[in-house]
Amino acid sequence: GTSAGMDFAVTYATDLFDPSTIVTLAGWLERMLSAVVLDPTPAVGDIDMFGTGDTVLINELKAAGYPYIEGKSGIGISVLIPSSANEGSPLADPRVRKAISHAIDRKGLAEARGYGVVEPAEQLAAPGWAAYLEDYQTASYNPDEAKRLLAEAGYANGFSTKLIPAPWVDKDTVVALQQFLKQVGIQAEIETPDSARYREYQTKGWDGLLVQPWGYFANYNRFIQFYFLGGPEGFVSMKKPEELQRLWDESRSTPEQDPAKVQAVHRLLLDDMTVIPVSAASRYYFMQDYVKDTNHMNWASWPWWTPAEA
């Protein structure tokens with residue numbers, strides 16, 4: 001008989017996307033599905049262009065020699081988000097959060113699990129961003145200093161906590177983080193929630209350390225608002241520094257982004273170790289030789305491009 005076709009609906013966050021953007025995205029998806037239905041024979045390698053943040057796949061496609069685009073607007077920073085707002089939690093003590101930062105061998109982790117794509121990150125901004133601090137003394141890998149700080153905070157024998165990765169985080173990376181913490185006396189149980197449960201942790205609270213990649217915003221003030229000051233992600237168990245709102249208000253008061261002001265906001269977060277940066281990774285777009293002028297990675301965020309000009 002005749003095919004009845006297929007219906008689908010798109011659920012999206014209205015504070016992140018305009019309806020017109022979703023209509024456009026849905027149209028691209030519909031055209032791709034239609035093309036596959038009409039001719040299901042092409043191999044994945046015949047696709048005109050492909051975007052991904054999967055480090056293993058990126059490494060394989062680079063090794064295969066495909067042309068690619070990488071840009072600043074694709075950089076994301078992975079962080080540990082402590083439940084520092086929970087009364088009585090060891091993670092409420094900034095010395096403990098700093099000790100955790102000292103416990104992490106970022107370079108070793110990037111070499112082992114980054115596949116040439118992931119870089120160590122000790123700040124909440126990448127080089128080239130307005131907020132990046134060239135002169136900042138970061139809490140880099142130093143297990144002895146981590147143990148000293150834990151003892152100073154009253155946890156000479158360590159403590160128990162949880163590592164709770166977002167569902168899309170590489171699980172072997174989380175196991176490596178678990179081992180780094182164990183070496184300084186912190187016993188971290190790994191919990192792997194599904195998306196619904198993880199969302200519940202973000203918005204209703206958690207106990208331990210969330211493990212999550214954060215995305216890029218061309219304006220650092222927007223980055224701060226989205227992740228720290230009432231954005232849709234929530235992170236209700238993360239305590240924010242008292243001065244954050246004031247510094248952010250001052251920073252966003254200028255018509256153009258003021259590097260000195262956004263750096264002041266960034267420095268406050270690093271001094272407080274509000275979250276613990278771990279690694280930075282870019283999104284890549286791979287294409288066939290004949291694909292030109294897509295303008296991927298040229299603007300404020302990686303999904304923006306010009307398909308009509310490609």
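Quick note: residue numbers are just sequence positions, from 1.
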Problem set entry | Side-chain H-bond candidate by donor/acceptor type, S89 with N86, under 3.5 Å | no
For this session: Answer yes or no: is there a donor N or O on one side and an acceptor on the other, between the side chain of H102 and the main chain of Y141, under 3.5 Å?
Result: no
Exercise. To the nearest 0.5 Å, what is the distance between CG (L149) and CD1 (I100)?
Worked result: 11.0 Å
Exercise. Any chance NZ of K182 has more than 12 other-residue heavy atoms, nucleotides or ligands included, within less than 6.0 Å?
Worked result: no
Exercise. For the atom pair CD1 (I104) and CG (L109), what is the distance rounded to the nearest 0.5 Å?
Worked result: 8.0 Å
For this session: Apply side-chain contact (heavy atoms from CB on, under 4.5 Å) to the pair F235 and L210, showing each step before the final yes or no.
Result: CA-CA 9 Å; F235 303 125; L210 298 185; 4.0 Å; yes
Problem set entry | Backbone N/O of P259 and side chain of K261: donor-acceptor pair under 3.5 Å | no
Problem set entry | Distance-minimising heavy-atom pair for I77 and A125 | CD1-N, 3.5 Å
Problem set entry | Side chain K240, main chain M238, donor-acceptor under 3.5 Å | yes
Exercise. Under 3.5 Å, is there a donor-acceptor pair linking the side chains of Y201 and D207?
Worked result: no
Problem set entry | S101 backbone acceptor or donor facing R106 side chain under 3.5 Å | yes
Exercise. With a 4.5 Å heavy-atom cut-off, do T203 and V236 have their side chains touching?
Worked result: no
For this session: May I ask you to check whether Q245 and D249 show a side-chain donor-acceptor distance below 3.5 Å?
Result: yes
Exercise. So, D258 and R252, do they make that salt bridge, N to O below 4.0 Å?
Worked result: no
Exercise. So with a 6.0 Å cut-off around CG of N157, is the heavy-atom count from everything else above 12?
Worked result: no
For this session: Grab the two heavy atoms, one from Y155 and one from P90, that are nearest each other, plus how far apart they are.
Result: OH-CA, 3.4 Å
Problem set entry | OG1 on T161 to CG on L209, rounded to 0.5 Å | 5.0 Å
Problem set entry | Nearest-0.5 Å distance, OG of residue S140 to CD of residue E145 | 10.0 Å
Problem set entry | Aromatic centroids of Y220 and F223 separated by under 6.0 Å | yes
For this session: Work out which heavy atom in P193 is nearest to a heavy atom in P165; give both atom names and the distance.
Result: CD-O, 3.8 Å
Problem set entry | Residues forming a ring pair (Phe, Tyr, Trp, His ring centres under 6.0 Å) with F228, sequence neighbours excluded | W214
Problem set entry | Heavy-atom check, side chain of R95 versus side chain of K98, under 4.5 Å | no
Exercise. Do W206 and I81 have side-chain heavy atoms sitting under 4.5 Å apart?
Worked result: yes
Problem set entry | Heavy-atom side-chain proximity of L133 to Q123 below 4.5 angstrom | yes
Problem set entry | Minimum heavy-atom distance F180-A103, with the two atoms named | CB-O, 3.4 Å
For this session: Look only at the side chain of W248 and the backbone of I224, and say whether a donor-acceptor pair between them is shorter than 3.5 Å.
Result: no
Problem set entry | Side-chain heavy atoms of L244 within contact of L229, under 4.5 Å | yes
Exercise. Taking C-beta and beyond as the side chain, do D135 and R267 meet within less than 4.5 Å on heavy atoms?
Worked result: yes
For this session: Drop me the distance from H266's NE2 to S251's OG, to the nearest 0.5 angstrom.
Result: 12.5 Å
Exercise. Any ion pair linking D272 and K239 (charged N to carboxylate O, less than 4.0 Å)?
Worked result: no
Exercise. L150 versus I186: any side-chain heavy-atom pair under 4.5 Å?
Worked result: yes
Exercise. Is it true that a side-chain atom of T138 and a backbone atom of E122 form a donor plus acceptor pair closer than 3.5 Å?
Worked result: no
For this session: Before giving the answer on side-chain contact (heavy atoms from CB on, under 4.5 Å), spell out for V169 and Q212 the whole-Å C-alpha distance, their side-chain angles and the decisive distance to 0.1 Å.
Result: CA-CA 7 Å; V169 170; Q212 181 168 335; 5.6 Å; no
Seminar exercise, completed: Taken to the nearest 0.5 Å, the spacing of E250 CD from R246 CZ works out to 4.5 Å
For this session: Check the side chains of Q178 and E189 for a donor-acceptor pair under 3.5 angstrom, ignoring hydrogens and angles.
Result: no
Exercise. So do N142 and D144 actually touch side chain to side chain, heavy atoms under 4.5 Å?
Worked result: yes
For this session: Say whether Y132 and Q263, considering side chains only, have a donor N or O and an acceptor N or O under 3.5 Å apart.
Result: no
Seminar exercise, completed: Looking only at heavy atoms, the pair that brings L91 and F159 closest together is CD2-CZ, 4.3 Å
Exercise. How close do A280 and A121 get, heavy atom to heavy atom, and via which atoms?
Worked result: N-CB, 3.8 Å
For this session: Test side-chain contact (heavy atoms from CB on, under 4.5 Å) on V211 and I164 and set out the steps.
Result: CA-CA 6 Å; V211 187; I164 308 171; over 6 Å; no
Exercise. Got a donor-acceptor contact below 3.5 angstrom from the D194 side chain to the R197 backbone?
Worked result: yes
Exercise. If two hydrophobic side chains count as joined below 4.5 Å and joins carry through other members, does V278 share a cluster with V96?
Worked result: yes
Problem set entry | Row check, F226 ring normal vs R222 NZ/CZ: under 6.0 Å, within 45° | no
